[in-house]
Structures are given as C-alpha cells and as structure tokens.
Amino acid sequence: MDVTTDKVGVLLVGFGGPRCLDEVAPMLARIMGDTPPPAVLAAAQKKYAAIGGASPLVPIAHNLCQQLQDALQKSTLAESVQCVQAGMCFTDPSIAEGLAALATAGCSRVIYLSLTPFESWAAWAFPAQQVRAEAARVGIDEVVVAPTFGLTDAYLSAYTQRTDAALDEGCQVIFVAHSLPLTGKHETADHYRAQFMQAGTKIAQHLGLPDNRFSFAYTSTSGRGGLWLAPTLTECLDQLAATGAKRALVCPLGFATDHMEVLYDIDHSAAGHAHSLGLDFLRTPTLASEQSIDPLLVAALMDCIQKAACHD
C-alpha cells in the first residue's frame, strides 16, 4: 500500500446504531458475541420502533466527520491531518472499514477520536484497542488516542448554554450519564464518575445553582446483573417527587449526541415515569441531532484532535 509518512487521518468512533429494525439482530449479536435470545431481540426492536425504527447515531457521525474535515482545512493542521472517517464498534461502517478508507487515502498515522465525553473501558479504552489491532492489519503505522472531550471548555459551554435556555424557576436539574458496572474487570467507573461529576458541577456553578438544585443520575442499566453506578434516573426522580419537587430538567451530559439512551431511555421511559409521579419533565437538547450539530461540539472535538496531533 502506497502511503506517505506524514499524512494523518482521524477515525471518529462511536457505539453504532441500526439503520432499520432488521439491523438490530446483527448489532446485538456483535455486542453479545452470540445470537440474541428472542426476548432480548424483541425488546430491543420495540425500543427502536418507538424512536422511529432506526438510530440517528451513524448519520450524525457522518455529518460530524464532514464538519471536522471542513474545520481541519481551515486550521493549522490542514497540511498534515487531512482525512476524517467514521467507524462504529457494533454496526456499519465498522472500525475496520473506516481504517481501510484512511489507509487508502494514504494515511500512515491515525488519531482515534471517541464520541464518548468521559473515559471508560467499554466506550473509550476498549475501542482504542480495537482500532490499534485493525490499524496494523491495513498497514497504518501508528494510532494516537485523543483525549475525551467532556471537560473541554467548548463542551461545558455548550451544555451550560443549552441547560440555561431550558431552565425554569424551581426546576431541579439532573445531570445524566450512562451507567457502568462496578464489578467489571477492566472498568474504570470511579474515574468516569469523577469526570462526569466534575463537568456537571462546573455547569451548575456557571448557572449559579445551589447544591440542592442539582443532582447526578445514571441510565441504561435495566435488566443487567451486578452492581452499577447509581442512583438510576428513575430512583432520582422518585427522590425528587418525595421531596415535593414539581419540575425536573434532565441534562444528558454523558451523551454528546442523540441516540437510543437519550431518545428512548430518557425521553420515553424516564419521562413517562416522571409524569406518573406528577413531575413536569424537561430535557436539555443534546449537542448533535440529525437536524443540527452545535459548532461548540465540533470545537470540542477539534481541541482533542489538536492535542493528539501534538503528541510526541
């Protein structure tokens, strides 16, 4: 393969998502390493059907790649970092496909850029291992892991602005992230939780919220065994209702973009539970949907690319 020694590519990596209900089964098979039980498949398909039959994550990732490509061409990195491709962990386009496209474009080095805001084994470190293994197979010499973006000024500013715009007097703000297992062999739940809480506390301070006006919760643990980060969003809503609170504003700080955990677990499941408790339920918009992408998310990702590109 003919590659130059100084051309750098960026692989934007996300969890992935099905483009139709028929793609739910193969996605689950990749996640589970086996054919999903019928009940598990049916439950997953029901969730995707409730949000329109598909995940928006892959279209969002492609849009982000184009916007990052445009931003790079206007930056000081234009001569070296020239290509951006998407690679998903469990659906198409796969990590292997994204890396193959970068290799074909002549990239001998790749910056791994994750779509997860905070560091965890499952969503950040393990995909980096996959990228390194696949890169070697297509002749890419080096993979540089970009830092996560959840504590960048741009990311915090974006969620501060969006939460402020949705915040009504008397609202209790709940910062939400995906839960993680506490008993996993490789998982770094304590570090992940610390980053998440640091980010949420900074936003609360910018908004002038006293400690009794905001809290932290986790979602997407239903049906999974073992100990997980807590409290769940459902438990947090129960606690708010018990104190006589009337309005809850959920900020999905652990999710940069729309996908299943936001559109179903928060907007459908948690919202329905809140209404059953008599709570008004509001949600801060994520920074990227199929309709639009916040320029501050692009800026946050560019900040991470810049740091990785300066890596010795």
Side-chain angles (χ1 to χ4, degrees), residues 1-16 57-58 60-155 186 188 191 195 256-257 288 293 295-312:
M1 186 176 297
D2 182 21
V3 295
T4 63
T5 59
D6 59 354
K7 193 169 183 180
V8 181
V10 175
L11 187 70
L12 183 66
V13 177
F15 184 88
L57 185 58
V58 172
I60 290 170
H62 284 308
N63 192 353
L64 269 171
C65 285
Q66 184 58 59
Q67 293 200 28
L68 287 170
Q69 187 94 44
D70 294 344
L72 283 165
Q73 293 307 307
K74 300 172 184 176
S75 76
T76 58
L77 299 175
E79 291 187 5
S80 58
V81 186
Q82 299 181 5
C83 303
V84 185
Q85 291 286 337
M88 300 292 113
C89 294
F90 299 109
T91 64
D92 295 331
S94 67
I95 286 173
E97 290 169 336
L99 287 169
L102 291 174
T104 299
C107 298
S108 59
R109 297 176 62 223
V110 165
I111 294 171
Y112 158 69
L113 181 63
S114 176
L115 266 174
T116 186
F118 307 115
E119 295 177 17
S120 70
W121 164 257
W124 184 65
F126 179 63
Q129 289 190 359
Q130 292 180 288
V131 172
R132 287 193 178 101
E134 292 293 341
R137 293 190 179 99
V138 296
I140 290 174
D141 299 329
E142 182 182 5
V143 173
V144 178
V145 177
T148 52
F149 55 87
L151 289 169
T152 61
D153 290 343
Y155 189 72
H186 301 288
T188 53
H191 182 60
Q195 287 187 322
T257 74
I293 291 176
L296 286 172
L297 176 58
V298 178
L301 293 170
M302 283 292 294
D303 181 71
C304 297
I305 293 172
Q306 178 73 50
K307 290 173 180 174
C310 295
H311 170 79
D312 293 329

Inset, instruction - Apply the test side-chain contact (heavy atoms from CB on, under 4.5 Å) to residues L301 and V10: give CA-CA distance (whole Å), side-chain angles for both, the deciding distance (0.1 Å), then the verdict. - result: CA-CA 11 Å; L301 293 170; V10 175; over 6 Å; no
Inset, instruction - For residues L57 and L115, determine if any side-chain heavy atom of one lies less than 4.5 Å from a side-chain heavy atom of the other. - result: yes
Inset, instruction - Please round to the nearest 0.5 Å and tell me the distance separating atom SG of C65 and atom CG of L11. - result: 8.0 Å
Inset, instruction - Calculate, to the nearest 0.5 Å, the distance between atoms CD and CD belonging to Q73 and Q82 respectively. - result: 6.5 Å
Inset, instruction - For the pair F118 and Y155, name the ring-plane relationship: parallel under 30°, tilted 30 to 60°, perpendicular over 60°. - result: perpendicular
Inset, instruction - Grab the two heavy atoms, one from A308 and one from I111, that are nearest each other, plus how far apart they are. - result: CB-CG2, 3.6 Å
Inset, instruction - Using atom types as modelled and distance alone, determine if a side-chain donor or acceptor of T188 lies under 3.5 Å from a backbone N or O of H191. - result: no
Inset, instruction - Would you check if P93 and M88 make a side-chain contact, meaning some heavy-atom pair closer than 4.5 Å? - result: yes
Inset, instruction - Supply the atom-to-atom distance S75 OG to L68 CG, rounded to the nearest 0.5 angstrom. - result: 10.5 Å
Inset, instruction - May I ask you to test the Q130-V13 pair for a side-chain heavy-atom distance under 4.5 Å? - result: no
Legend entry - Nearest-0.5 Å distance that lies between atom CD1 in I305 and atom CG in L12: 8.0 Å
Inset, instruction - Give the minimum heavy-atom separation between F149 and C304, together with the two atoms involved. - result: CB-SG, 3.5 Å
Legend entry - Taking every non-hydrogen atom, the tightest pair across A101 and Q85: CB-CD, 3.7 Å
Inset, instruction - Could you tell me which non-hydrogen atom of C107 sits nearest to which non-hydrogen atom of I140, and how far apart they are? - result: O-CG1, 3.7 Å
Inset, instruction - Compare all side-chain heavy atoms of F126 with those of C89 and state whether any distance is below 4.5 angstrom. - result: no
Legend entry - Side-chain touch R137/L99, heavy atoms, less than 4.5 angstrom: no
Inset, instruction - Enter the distance from I293:CD1 to N63:CG here, rounded to the nearest 0.5 Å. - result: 3.5 Å
Legend entry - side-chain contact (heavy atoms from CB on, under 4.5 Å) between L297 and Q67, worked out: CA-CA 10 Å; L297 176 58; Q67 293 200 28; over 6 Å; no
Legend entry - Lys/Arg N to Asp/Glu carboxylate O, K74 vs D70, below 4.0 Å: no
Inset, instruction - Quick one: closest heavy-atom pair of I60 and A288, and the distance? - result: CD1-O, 3.5 Å
Inset, instruction - First locate atom CD of E142, then atom CZ of R132, and finally report the distance between them rounded to the nearest 0.5 Å. - result: 9.5 Å
Inset, instruction - Kindly say whether A105 contributes a backbone atom to a donor-acceptor pair with the side chain of K7 at under 3.5 angstrom? - result: yes
Inset, instruction - Mind listing the closest non-hydrogen atom pair of A71 and V298 along with its distance? - result: CB-CG1, 4.3 Å
Legend entry - Check: Q195 and P117 side chains under 4.5 Å, non-hydrogen atoms: no
Legend entry - Side-chain touch L72/M302, heavy atoms, less than 4.5 angstrom: yes
Legend entry - Chi angles and distances behind the side-chain contact (heavy atoms from CB on, under 4.5 Å) call for Q129, W121: CA-CA 10 Å; Q129 289 190 359; W121 164 257; 3.4 Å; yes
Inset, instruction - Keeping the roles fixed (side chain from T148, backbone from G150), state whether a donor-acceptor pair exists under 3.5 Å. - result: no
